[in-house]
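Here the structure is laid out as structure tokens; the discussion comes afterwards.
Note: hydrogens, waters and symmetry copies are ignored here, and every other heavy atom, side chains too, is used. In what follows, chains carry the letters A, B, and so on, assigned in the order in which the sequence lines appear, proteins first and then strands, with residues in each chain numbered from 1.
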Amino acid sequence: MNVTSQNYLLTLNNQQKEAVMHNDGPLLILAGAGSGKTKVLTSRVVHLIETQKCFASQILCVTFTNKAANEMRDRILKSLSAKSSSLPWLGTFHSISNKILRKHAEAVGLKSSFTILDTLDQLRLIKNIIEAENIDIKKISPKLVASFIDDWKNKGLTPNEIKINNSNYITDTSLKIYTIYQNRLKIMNCVDFGDLILHCVTIFKKFPDILGIYHANFKYILVDEYQDTNFIQNIWLNFLSSKNNNLCCVGDDDQSIYSWRGAEVKNILNFDKINKNTKVIKLEQNYRSTQNILDTASFLISHNEDRLGKKLWSENSKGSLVEINCYNNGYDEAVAIADEIEKNLSKKTSLNQIAILVRAAFQTREFEDRFIKINLPYRVVGGLKFYERSEIKDAIAYLRIVYQQSDDLAFERIINTPKRSIGEATLKEIHNISKTSNLNLEQASIVYCEQENEKNKTIINLKKIITNFQIWRQLSNQTSHYELMEKVLDESGYTTMLLNERTPEAEAKLENLKELIISMKNYENLQGFLENISLQTSAEEEWLGEKINLMTIHAAKGLEFDVIFLPGWEEGLFPHQRSIDEKGHIAIEEERRLAYVAITRSKKELFISFVNNRRIFANKKDKEIDWMPTLPSRFIEELPKENINIKNNFNNYKEQDFDFNQDQLIQQPTRSPGWQRYQKAKNNNVILTKKISYSNNKTNFKVGEGVIHEDFGQGKVIHIEDNKLIIIFKKYGEKKIIDKFIKKINE
DNA sequence: TAACAACGCTTTTTT
DNA sequence: AGCGTTGTTA
């Protein structure tokens, strides 16, 4: 080994170096935010290859997102001295499972050509089953069933392994649907996301010889974002690592933000207990953020009880204080943030280094509107998923049915798009034939056509499209997949349909289809394209050009920017009411971790803001705007005051008597709700958002005590922090309220 | 019976 | 604001 080949070691600190050079045996790296986690992982892979511990093809490296996988691949390949290496087993849990499952599909009763259903396909299938089984859709929604099925799969449970404890209509019906759902998937030769992992585990369990192949191949296993693995993913890992025991996991319990998807923090908390002789290395030096940002994040996360605890430190400069802003409404907030970017930041910072991170995807809209208006370029990251657009899904559905006749979901999707007079009633007939004669929908359609009057318009159209399927199927063996796509779009009438619409939307769709055809050229053939498309969340994300980044906090995980804006820190939005309702305390801790992730994305400057009135959605009918008066997020109060600077924009408006009339875009005949709220607050002495209290007063309320609140009615105290009470109200669920607005119930 | 228009209900986070 | 469901028309 020569010296130059060890360049990757030069810039590492001692802990990082120890992690990179660790030889065999289980290794757990607890890596705080910004501590060089990716660098350690990539360096370790490079180290293993350069020191000839194994070949590149013998390393299994698992990430959660394609983005992370791509970045890691780039970085590793750049550092390797032998440029010819490739990393065939670097990818997401799902993409690697896909690869494994294609090789051994028969072992679980599938054909290697199986199709991967996305969430929308999944919902459609569930809905079909609900209809076919005559279950009342009003009693149980497909979404709910889907979440049950996902939960079960995340726990590694197949339908016959499930034992329902507290049996009720919802769980029983969901289980019944789950059973049918799995059968339908098998018949259609389809899998969903959960199946990719679960089928692999089933294979590992049932076929030791197959598992042996992977034991022999995977000398080292590395896992990124380990805190977000769920039960079944962990089992998956344990199977694969059980022979060599060279499992290296990197994670941060404070950044666990996917429990709603089944992630179990206990995987990381118990790692060293389950894997004997685990070496644990903590990376606690932060290289990313300024002191102020880091302190803010650390102080906030210290409010969580359930954590391993790390002491992040940094040699970086103090930097500027974290700015806290308060605005009247979401529109003002968007205007102010756009102004800040336009006037102050765009001169010294690249727009690419600025990001606005939101709790919920819909929040980006207000910013988009503003940016369009003042002509600031932006990109929404992860927002509009290319392959989930309806026209793209339609196009792919055509290819799916051509590729695989059994794909009933694809058949149903496009059989009447464009319109061919094949309506609901016809489809129902076809379904009946399919069910009684055990045929797929295409075969059933042929039977149906023979039964019916051949002069019927519907029958003529149906015959025609099925003939087309057959012609295209022939053609798919002779022409390239992208030429086939072009032909299918033209001959099916899809292109004509869009052309006839003559709307800007239709034109955009045509453009997207062109883009699809171009991107198809990246795949070798039809099979390669269809096998991978469902796992590809976005077409080559457009990171080109100078643009402001808009995304959800979840999507920002693993990324960093010079300047971060965090709007919408309001109770109900962040922390999100729905998560509070569903899981209470545990959810608050997860929301807090989410806030921690958000803050720690920032390298230099951080702006947090909240508004007094959040617009929910516009009601078209009476053109009134629905407003929700909001309180600042409890997380605002949990920030360390010596690191933040509260800029009170609220006061400016108060001097103008808090009148919203200068707000030109929202013209309202009456006083705005914000004004009304202000008046009410003034009279009732209710908490005003401008007064952010840091008092440490102790309260004389007790946990468990019954209380009453003017607006929220009766409730019970379930948690106390200083003078702030968390109360479950009978009607409004959990809220956090300062004690002086609460009365004891018997007073 | 299919296509089109009007109504109305919902919005967390994702491979 | 966008989609699915329901109601109306051809």
Side-chain angles (χ1 to χ4, degrees), chain A residues 62-69 91-98 116-120 122-124 127 137-138 141-143 146-147 150 153-154 191-197 225 228-230 232-233 256-263 357-366 368-369 382-383 385 387-388 390 416-429 452 456-459 461 505 532 534-538 551-557 568 572-583 587 590-591 593-595 597-598 614-621 625-626 628:
Chain A
V62 195
T63 64
F64 271 84
T65 63
N66 293 308
K67 208 191 299 170
T92 64
F93 275 103
H94 292 87
S95 68
I96 289 167
S97 294
N98 180 27
I116 303 168
L117 302 187
D118 67 10
T119 315
L120 288 162
Q122 189 188 25
L123 284 174
R124 171 60 53 192
K127 211 177 149 194
I137 201 154
K138 279 171 191 130
S141 77
K143 262 191 181 165
S147 77
D150 284 345
K153 288 188 176 176
N154 287 338
V191 301
D192 62 15
F193 288 137
D195 280 342
L196 286 172
I197 317 270
E225 310 278 14
D228 287 326
T229 50
N230 60 34
I232 194 68
Q233 287 163 334
S256 162
I257 54 175
Y258 281 97
S259 77
W260 51 275
R261 214 173 73 186
L357 310 183
V358 295
R359 176 65 182 86
F362 73 87
Q363 289 174 264
T364 58
R365 169 139 249 120
E366 224 145 8
E368 290 187 67
D369 288 349
K385 286 182 202 121
Y387 295 109
E388 279 177 15
S390 64
N416 201 30
T417 313
K419 298 271 185 283
R420 298 188 180 94
S421 295
I422 302 164
E424 211 180 310
T426 309
L427 210 53
K428 203 161 188 181
E429 280 300 311
E452 299 294 313
N456 181 315
K457 193 170 103 192
T458 302
I459 299 299
N461 283 341
E505 290 80 27
N532 292 292
S534 306
L535 295 174
Q536 210 71 52
T537 43
S538 53
M551 66 191 100
T552 64
I553 300 170
H554 284 90
K557 196 170 75 157
L573 185 56
F574 193 27
H576 201 280
Q577 191 60 45
R578 198 126 153 194
S579 72
I580 301 173
D581 291 346
E582 276 164 22
K583 290 202 173 149
E590 177 144 326
E591 295 278 311
R593 289 193 291 271
L594 198 51
V597 169
R614 183 62 68 181
R615 186 167 46 171
I616 305 300
F617 60 91
N619 189 337
K620 267 182 274 181
K621 208 164 106 192
I625 292 161
D626 287 321
M628 190 170 79

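Heavy-atom distances to DNA chain B give each of A:F64 and A:R359 a nearest nucleotide, and the one nearer the 5′ end belongs to A:R359.
With sequence neighbours excluded, the residues that form a ring pair (Phe, Tyr, Trp, His ring centres under 6.0 Å) with A:F64 are A:F93. By the salt bridge (charged side-chain N to carboxylate O under 4.0 Å, His left out) test, A:E366 is found to be paired with A:R614, A:R615, residues two or more places apart in sequence or in another chain being considered. When the side chain to side chain contact (heavy atoms under 4.5 Å, CB included) test is applied to A:R365, the partners found at least two apart in sequence or on another chain are A:D369. The side chain to side chain contact (heavy atoms under 4.5 Å, CB included) check on A:E429 picks up A:N432, A:Y448, with sequence neighbours excluded. Every side chain to side chain contact (heavy atoms under 4.5 Å, CB included) that A:K457 has, sequence neighbours left out, goes to A:S421, A:N461. Evaluation of the side chain to side chain contact (heavy atoms under 4.5 Å, CB included) rule for A:D150 yields A:Q122 as partners, not counting sequence neighbours. By the ring pair (Phe, Tyr, Trp, His ring centres under 6.0 Å) test, A:F193 pairs with A:H94, sequence neighbours left out.
With centres under 5.5 Å and a plane angle under 30° as the test, the ring of A:H94 is not stacked against the base of B:dT15.
Atom pair A:D150:CG and B:dT15:P shows a separation of 13 Å (rounding to whole Å applied). If you measure from atom NE2 of A:H576 to atom C1' of B:dT14, you get 15 Å, rounded to the nearest angstrom.
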Which pairs, protein N/O on one side and nucleotides 5-7 of chain C N/O on the other, fall under 3.5 Å?
unit_1 : atom_1 : unit_2 : atom_2 : d
C:dT5  : OP1    : A:K127 : NZ     : 2.7
C:dT5  : OP2    : A:K127 : NZ     : 3.4

Protein-nucleotides 3-5 of chain B N/O pairs under 3.5 Å:
unit_1 : atom_1 : unit_2 : atom_2 : d
B:dA3  : OP1    : A:S421 : N      : 3.1
B:dA3  : OP2    : A:N416 : ND2    : 3.4

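A donor-acceptor pair under 3.5 Å links the side-chain atoms of A:E590 to the main chain of A:S259, judged by distance alone.
With B:dT14, B:dT15, B:dT12 as the candidates, the nucleotide lying closest to the side chain of A:F193 is B:dT15.
Nucleic acid contact for A:Y258: sugar-phosphate only, since backbone atoms but no base atoms lie under 4.0 Å from a heavy atom of the residue.
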